[in-house]
Asks: 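Dropping a structure here in structure tokens format, bear with me for questions.
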Protein chains: 2
Amino acid sequence: MDVIVSEVGPRDGLQSIDRTMPTAIKIEWITALAAAGLPEIEVGSFVSPRLLPQMADCAELVQAANAIPGLGVLALVPNLKGAERAFEAGALRITMPISASETHSRKNINRTTDEAIADVARVCALRDSLDGPYREIDAGVSTAFGCTMEGAVDEDRVIEIAVALAKAGADNIGLSDTTGYGNPAQVRRLFKRLIAEVGDKAGGAHFHNTRGQGLANVVAALEVGVTTFDSSQAGLGGCPYAPGATGNIVTEDLVFLLESMGLDTGVDIDKLLDARQIILKGLPGEPLYGNVPDAGLPKGFHYARAA
Amino acid sequence: MDVIVSEVGPRDGLQSIDRTMPTAIKIEWITALAAAGLPEIEVGSFVSPRLLPQMADCAELVQAANAIPGLGVLALVPNLKGAERAFEAGALRITMPISASETHSRKNINRTTDEAIADVARVCALRDSLDGPYREIDAGVSTAFGCTMEGAVDEDRVIEIAVALAKAGADNIGLSDTTGYGNPAQVRRLFKRLIAEVGDKAGGAHFHNTRGQGLANVVAALEVGVTTFDSSQAGLGGCPYAPGATGNIVTEDLVFLLESMGLDTGVDIDKLLDARQIILKGLPGEPLYGNVPDAGLPKGFHYARAA
């Protein structure tokens with residue numbers, strides 16, 4: 001596998017939708033995504049069920065997904081309490097978002113960025129105090145490419161936060177374009193610096209397609225050595241044609257991009273397309289996005305692994 | 001100006017729509033696009049009005065657009081007869097598509113690729129026989145990245161055709177992803193070879209967004225030195241969410257990509273957005289596409305020229 005496509009639909013997609021997909025259908029969907037070859041899936045969030053009732057079944061999803069052989073199972077954790085719940089549920093890999101924008105951080109989690117970094121350190125200490133298998137902690141610097149409230153975000157500050165997260169004990173530090181503000185030149189600059197500063201702790205890229213720049217940013221990130229990309233099947237939960245849209249890049253289009261460039265993802269696009277039906281079973285009438293699902297694969301298309 | 005955005009909406013967009021925008025509104029639209037700072041506009045096609053009645057007013061459009069100070073005015077020409085009409089109308093720059101796929105060429109214009117190249121030579125000879133200002137002849141290798149009938153198109157053949165077009169007397173030779181089959185790795189390879197083989201006769205890139213890869217391909221082309229890109233305002237004439245869609249990349253999203261990367265296009269995005277209303281006046285209810293028009297510019301956005 002040359003590039004890891006990390007599916008975040010069951011978390012980032014479903015948390016943006018106002019109704020709840022039944023747990024059994026979530027498990028059917030996650031199982032189908034894994035069977036299509038996706039190596040990693042973020043299955044849910046250990047946020048308070050009062051805030052996001054759609055995510056209340058996260059413990060059950062982690063347990064079901066852990067039973068799928070070979071699958072990397074991730075869950076989002078907003079704070080120490082969420083980490084305790086995650087580890088109790090058997091989560092072996094958690095991801096914690098830390099906002100580079102102070103305004104966004106205060107508004108979103110009512111803490112400063114430095115307080116959020118301190119929380120990552122506490123979660124790492126908790127992890128280190130536990131017996132059993134090693135539990136990986138991913139930290140994602142959100143609003144790393146700009147903030148809808150602050151506008152531009154200082155690039156030095158983004159890198160400073162990434163370094164602080166590495167020191168706090170996080171295993172992988174990624175950068176997230178939460179707001180769809182990023183551009184390929186900025187993506188090259190920031191990931192190049194991230195890799196230079198935190199070395200093999202440099203994590204993946206989480207891009208949104210709000211302004212249509214998602215895959216363009218992927219091309220730029222690939223150039224400087226990024227090998228993990230988050231995406232959401234069917235661009236679930238975001239509407240690319242609505243004001244303020246925050247849709248993730250579409251997994252189907254991302255896999256096609258990578259495979260057609262000769263980069264093996266291990267994913268079978270036809271099986272991925274079939275899995276869209278499960279979303280509609282769980283959320284009837286939900287709009288599904290993506291260009292490849294509508295246009296189909298080119299005549300004569302072959303996978304990188306067949307080359 | 002760092003990059004030339006060459007607007008093809010009045011030609012590639014409108015020729016794909018089954019009804020005709022009134023000539024006066026076309027002129028109003030072209031005038032507004034020029035006022036928004038677009039340096040080049042392909043205003044129509046000198047194809048037979050029996051085949052494409054939407055393009056019957058091309059001579060009138062060339063004359064009106066030629067009167068706009070500083071604007072590069074292009075018109076598509078399918079054959080020698082079209083070139084005669086174009087030069088009579090006062091066209092100073094014409095563009096001729098030559099298909100790299102034999103099947104596409106025969107089906108589209110009932111000629112082999114070599115016959116189409118010979119036609120370019122005849123048009124160049126006609127041009128050379130005329131008095132008055134120099135008339136520039138652009139040739140675009142269409143289906144250069146793949147063909148819906150043949151599948152993969154041989155890259156050596158694409159370059160061979162480009163070289164033959166340069167020898168035939170064309171001034172600029174571009175490559176077109178007519179079918180939306182292209183990927184960034186292929187874009188880098190082909191444009192690198194094109195530039196190596198035809199030098200300063202290497203022309204622009206014409207990408208479609210059929211599979212969502214349009215702007216990703218732009219990033220790859222920029223890297224190897226391409227500085228002219230075709231696009232269509234509002235992605236006119238193509239539906240990115242329909243099977244077989246052939247939409248051009250969206251001018252609004254392309255300009256945002258380039259400007260946010262620090263590349264000056266000379267275009268004012270707000271004025272460009274205003275021009276969308278003229279399309280709707282001429283074609284009521286026509287679907288308009290683009291992510292930037294829906295999401296808006298990021299907070300704190302500034303143009304490359306303001307940096």
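Chain letters run A, B, ... following the sequence lines, proteins first and then strands; every chain starts at 1. Every value quoted in this text rests on a predicted model; they were computed, and no experiment measured them.
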Asks: Using 4.0 Å as the upper bound for N to carboxylate O, is an ion pair formed by Arg305(B) and Glu259(B)?
Replies: yes
Asks: Per the side-chain contact (heavy atoms from CB on, under 4.5 Å) rule, which among Ile41(A), Ile279(A), Leu236(A) passes with Pro10(A)?
Replies: Ile41(A)
Asks: Using every non-hydrogen atom in the two residues, find where Met1(B) and Ile4(B) come nearest and quote the distance to one decimal.
Replies: SD-CG1, 4.3 Å
Asks: Heavy atoms only, distances under 4.5 angstrom: which of Ala152(A), Gly180(A), Ser260(A), Gly262(A) has the most pairs with chain B? Name it, please.
Replies: Ser260(A)
Asks: I'd like to know which of Ala220(A), Gly182(A), Gly212(A) tops the heavy-atom pair count under 4.5 Å against chain B.
Replies: Gly212(A)
Asks: What part of Glu252(A) gets closer than 4.5 Å to chain B, counting heavy atoms only: side chain, backbone, both or neither?
Replies: neither
Asks: Answer with yes or no whether the side chains of Ser231(A) and Thr251(A) bring together a donor and an acceptor at under 3.5 Å.
Replies: yes
Asks: Taking atom types as modelled, is there a side-chain donor on Thr143(B) or Ser99(B) under 3.5 Å from an acceptor on the other?
Replies: yes
Asks: Of the non-hydrogen atoms in Pro184(A) and Asn217(A), which two are nearest, and what is the gap between them?
Replies: N-OD1, 3.0 Å
Asks: Is Leu222(A) in contact with chain B via its backbone, its side chain, both, or neither, using a 4.5 Å heavy-atom distance?
Replies: neither
Asks: Looking only at heavy atoms and a cut-off of under 4.5 Å, which of Met149(A), Glu223(A), Glu150(A) has the most pairs with chain B?
Replies: Glu223(A)
Asks: Can you say whether Leu297(B) sits under 4.5 Å from chain A via the side chain, the backbone, both, or neither, judging by heavy atoms?
Replies: backbone
Asks: What residue, out of Arg188(A), His302(A), Met261(A), has the most heavy-atom pairs lying under 4.5 Å from chain B?
Replies: Met261(A)
Asks: Look at the side chain of Arg211(B) and the backbone N and O of Gly296(A), then say whether any donor-acceptor pair between them is shorter than 3.5 Å.
Replies: yes
Asks: Does any backbone or side-chain atom of Thr148(A) lie under 4.5 Å from a heavy atom of chain B? Answer side chain, backbone, both or neither.
Replies: backbone
Asks: Do you know which of Ala185(A), Gly151(A), Ala216(A), Gly300(A) has the most heavy-atom pairs with chain B at a distance under 4.5 angstrom?
Replies: Ala216(A)
